[in-house]
Amino acid sequence: MGTTNTRYPVATSASSLVRRTTLGIVVAIAASLLVLGAVTLLGVDLGVSGPDSPFAAGPTVASIVVAGAGAAVAYAVLARVTARPTRNFVALAAVVFVAMLAPVLLVAPSMGVSTAGQTVLVIVHAAVAVPLVAVLIGAVRF
């Protein structure tokens, strides 16, 4: 593989990747909890509630941590095997984001999630995906 110049610096060490992943996860958790908090304050009828709801903080945070770890592994693999890991990772992240919308649209209604709840789930997915990808690829640095 040849050297390519990218707009965003590829994480060259495990510690750099872990730092980026951790920051991305923290920002994604804050963003999603902010969205869910705003929805709660506004009193939006999501259709479901309780600890097993897709809107509960526990499952949301756990899902974000798993998503962040998976994203870091995917990015690390792409950095090793492709000449353009950032571009390929962003493309992969877009495909995964669209695929993750399928359960929101197809399964959530059978769980009792209202249309407003589905909209909130899409917003939460975006609130997780955007900062996680942006921090992981180095587009945003803290």
Report summary line: So CG of L78 and OG1 of T86: to nearest 0.5 Å the spacing works out to 9.5 Å
Query raised in the report: Only one of V124, V120, V113, V122 clears side chain to side chain contact (heavy atoms under 4.5 Å, CB included) with V104; which?
Result: V122
Requested in this report: Consider only side-chain heavy atoms of I, L, V, M, F, W and Y, link residues closer than 4.5 Å, and tell whether L23 and V26 are in one cluster.
Outcome: no
Query - Taking every non-hydrogen atom, the tightest pair across L121 and A108 - result: CD1-CB, 4.3 Å
Requested in this report: Can you sort out the partners of S15 under side chain to side chain donor-acceptor pair (under 3.5 Å), two or more places apart, ordered by chain and number?
Outcome: S13
Report summary line: Across all chains, not counting sequence neighbours, the side-chain contact (heavy atoms from CB on, under 4.5 Å) partners of A31 are A127
Requested in this report: Give the cluster check for L41 versus L34: same hydrophobic cluster or not, with ILVMFWY residues linked at side-chain heavy-atom distances below 4.5 Å.
Outcome: no
Query - Considering all heavy atoms, the nearest V128-S32 contact - result: CG2-CB, 4.0 Å
Query - Set of side-chain contact (heavy atoms from CB on, under 4.5 Å) partners for I123, sequence neighbours left out - result: V35, T119
Query raised in the report: Would Q118 and T115 satisfy side chain to side chain contact (heavy atoms under 4.5 Å, CB included), going step by step from the backbone distance to the final call?
Result: CA-CA 5 Å; Q118 286 177 290; T115 303; 4.2 Å; yes
Report task. Grab the two heavy atoms, one from P54 and one from T60, that are nearest each other, plus how far apart they are. Result -> O-OG1, 3.7 Å
**Report entry** I64-V27 co-clustered via ILVMFWY side chain contacts under 4.5 Å
**Finding:** no
Query raised in the report: Can you pull the ring pair (Phe, Tyr, Trp, His ring centres under 6.0 Å) pairs that have at least one residue in residues 104-139, sequence neighbours excluded?
Result: none
Query raised in the report: Among all residues two or more places apart in sequence or in another chain, which pass the side-chain contact (heavy atoms from CB on, under 4.5 Å) test with A116?
Result: V44, S114
Query raised in the report: Mind checking what makes side-chain contact (heavy atoms from CB on, under 4.5 Å) contact with S53, not counting sequence neighbours?
Result: V48, F55
Requested in this report: Could you tell me which non-hydrogen atom of V135 sits nearest to which non-hydrogen atom of R20, and how far apart they are?
Outcome: CG1-O, 3.3 Å
**Report entry** Nearest atoms (heavy-atom pairs only) where P85 meets A79
**Finding:** CB-CA, 3.5 Å
Can you give each donor-acceptor pair under 3.5 Å made by side-chain atoms of residues 89-102, sequence neighbours left out, with the distance rounded to 0.1 Å?
none

**Report entry** All pairs passing side chain to side chain donor-acceptor pair (under 3.5 Å) where residues 87-101 contributes a residue, at least two apart
**Finding:** T82-N88
Query - L136 side chain reached by L17 side chain, heavy atoms, under 4.5 Å - result: yes
